[in-house]
2 protein chains.
Amino acid sequence: MGVMTGTDRLRQITEAVCEAGSVGVAELARLTGASEMTIRRDLEVLAAQGVLQRYRGGARSLVLRGEGPPFALRSQEGLEAKRRIAAEAAALIADGESVVLDSGTTCLEVARALEGRRVTVMPLSLHAVNVLSGAPEVTLLVPGGRPRPAELALAGPLTEASLAALRFDTAVIGCCGLNAANGLTAYDLDDAAVKRAAIASSRRVIAVTEAAKLTRTALAHVAPVSALHAVVTDTAAPDEETARLTAAGTVVHRA
Amino acid sequence: MGVMTGTDRLRQITEAVCEAGSVGVAELARLTGASEMTIRRDLEVLAAQGVLQRYRGGARSLVLRGEGPPFALRSQEGLEAKRRIAAEAAALIADGESVVLDSGTTCLEVARALEGRRVTVMPLSLHAVNVLSGAPEVTLLVPGGRPRPAELALAGPLTEASLAALRFDTAVIGCCGLNAANGLTAYDLDDAAVKRAAIASSRRVIAVTEAAKLTRTALAHVAPVSALHAVVTDTAAPDEETARLTAAGTVVHRA
DNA sequence: GGCTTACGAACAAAAAAGTTGTTCGTTATG
DNA sequence: CATAACGAACAACTTTTTTGTTCGTAAGCC
């Protein structure tokens, strides 16, 4: 086996726990090659992130089906593809534009891609706010709201009021599911309401999404595909679905 | 001379540049005992913080008179006293209260003191937002607004709208100057407007300030002392001024 | 209640990350 | 064109973080 960095082991543990439902400390130590003490420390971290629940001797999964995996994990998965998608989306934005930037890991990469650009950005997640607060070229606007733990996505009446008070050139929207049949969908109801408000306040809407989400549909409906002016996805996107999206009047970019 | 940590040298450089207006790289290297390469790296950092402007061969100060020193420096000065003041202020807040927390380094310490407490907090600075976003016990509310570089204090119409939409039990307000004659004053006009809005939305107002600020007065008037229900300062506060504050109807705590 | 097992604090060792100084090719400025 | 300053790259060093071990304590089980 190769090297074992800390983050790598955390992912391995999370996977094992999610799959089996619950796993003992000794078993995880054997699986990862680390000592039991290290496993305990890891489990403490994951418990604090809300990924799993600790009990004496092991841990059980807390990740519900119908909800995505925790933020810290998703942000590492498919980073390569997300970066390419983000770069493509950033290229669609012209200097001087005002942009509302959705929450989620793909949009966080868009924030990184916008560092150093002369644009006005209102991010809907504190992660993106933190990235852009170090970028002197960017005019940063913070929306009000209540941040959801770990995800740090802002939602609630304050967020919707902030969006309603402004008009943007472009909205960059992430999603949990996107296809021609069901439109753009999200797991969280509050999140969906915020996305709708962001779309309503923008002249142009760009959806960013990994190819995997083109075959998924989540609980909350946000907008039909006809509301999206462009979709940026990666090269793994299946031809049939991109054809359907194009037929629905959207420009599809594959990065 | 004693040891020379990185932060220590940065403060030394900032002081020298502020005093002389502009200083050469070679001179700073002689002054600090570090190599020129290290000085260049330091100047790069300080330039990014907006403390100074780099030119070939040296740097000139960007810190205007009438404005305080940069955030990164202030946050280290008198940390001990600030912690005591913050602990005292946090003790005045009961569990379950809703609190609006002003920007500034002293209020940032109050945020740290509130970690783990069961309270609802709306901080007016992103630094405090970042501290409290890792505190699961705290219900965090983020106000909208435009963050000022480095300081990351939120201001502008979005901030004032967020404050106007809510009513708090307590406002914890920092200041640049505070005395019975001139009331509570701030350097920045936008900041002053936000402070006023925070006070207007709160039932109770606690001002936190180091003793040094009791002898200062800044540009923008925020509120008369009569609007403050309590002032928390440190033991270095001069008796005459605390007496005048008490006479004006404020409870003075010395931590 | 007594036995077993897991836990976590404390310390030591190891690994990773950050700092600093040196060298040297590149670039700005007079 | 000459000079001085700059900054990338590397190595030596320092600091911080991570990991494993030991051991006393406490939780669960019979």
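Chain A is the first sequence line, chain B the second, and so forth, proteins listed ahead of strands; every chain is numbered from 1.
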Peer 1: Round to a whole Å and report the spacing from OH of B/Y55 to P of C/dG30.
Peer 2: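 Rounded to the whole Å, the gap is 13 Å.
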Peer 1: Closest approach to the side chain of A/T38, judged atom by atom: which nucleotide of C/dG21, D/dG20, D/dC6 is it?
Peer 2: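 Shortest atom-to-atom distance from the side chain points to D/dG20.
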Peer 1: If you assign each of A/R56 and A/R41 to its closest nucleotide in DNA chain C, which residue comes earlier from the 5' end?
Peer 2: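 Mapping each residue to its closest nucleotide by heavy atoms, the 5'-most match is A/R56.
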Peer 1: Please state how far atom CD1 in A/I39 lies from atom P in D/dT18, giving the value in whole angstrom units.
Peer 2: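 Nearest whole value for this atom pair: 15 Å.
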Peer 1: Without decimals, in angstroms, what is the distance between A/D42 CG and C/dG8 P?
Peer 2: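 Taking CG of A/D42 and P of C/dG8, I get 13 Å after rounding.
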Peer 1: For B/R40 and D/dA5, give me the distance from atom CZ to atom P, rounded to whole Å.
Peer 2: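 For the pair B/R40 CZ and D/dA5 P, the rounded distance is 8 Å.
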Peer 1: Measure CD/B/E44 against P/D/dA5 and give the value in whole Å, please.
Peer 2: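 In whole Å, D/dA5 P lies 18 Å from B/E44 CD.
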Peer 1: Distance check needed: D/dG20 P versus A/E36 CD, whole Å only.
Peer 2: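 Atom-to-atom, A/E36 to D/dG20, this comes out as 11 Å.
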Peer 1: Let's go through B/D188 and B/R148 carefully: what are the C-alpha distance in whole Å and the side-chain angles of both, what is the deciding distance for salt bridge (charged side-chain N to carboxylate O under 4.0 Å, His left out) to 0.1 Å, and is it a yes or a no?
Peer 2: CA-CA 11 Å; B/D188 189 272; B/R148 214 179 22 271; 3.7 Å; yes
Peer 1: Report the distance from atom CD of B/E27 to atom C1' of D/dA5, rounded to the nearest whole Å.
Peer 2: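 Those two atoms, CD and C1', are 16 Å apart.
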Peer 1: With the threshold set at 4.0 Å, does a side-chain nitrogen-carboxylate oxygen contact exist between B/R112 and B/E109?
Peer 2: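 Between B/E109 and B/R112 there is a salt bridge, with a charged N closer than 4.0 Å to a carboxylate O.
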Peer 1: B/R117 side chain to B/A90 main-chain N or O, any donor-acceptor pair under 3.5 Å?
Peer 2: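 Answer holds: yes.
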Peer 1: Answer whether the closest heavy-atom distance between the side chains of B/C107 and B/V172 falls below 4.5 Å.
Peer 2: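 Yes, side chains in contact.
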Peer 1: Between D/dA26 atom C1' and A/R54 atom CZ, what is the distance in whole Å?
Peer 2: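 In whole Å, D/dA26 C1' lies 14 Å from A/R54 CZ.
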Peer 1: Test salt bridge (charged side-chain N to carboxylate O under 4.0 Å, His left out) on A/R40 and A/E36; report intermediate values, then the result.
Peer 2: CA-CA 6 Å; A/R40 281 194 208 102; A/E36 298 200 0; 3.6 Å; yes
Peer 1: Specify the angle, to 10°, made by the local axes at the two ends of the helix from C/dG1-D/dC30 to C/dG30-D/dC1 when five pairs are taken at each end.
Peer 2: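 The end axes of the helix from C/dG1-D/dC30 to C/dG30-D/dC1 are about 50° apart, to the nearest 10°.
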Peer 1: In sequence, state the C-alpha distance, the side-chain angles, and the governing distance for A/R254 and A/D234, and then conclude on salt bridge (charged side-chain N to carboxylate O under 4.0 Å, His left out).
Peer 2: CA-CA 5 Å; A/R254 291 206 230 181; A/D234 58 81; over 6 Å; no
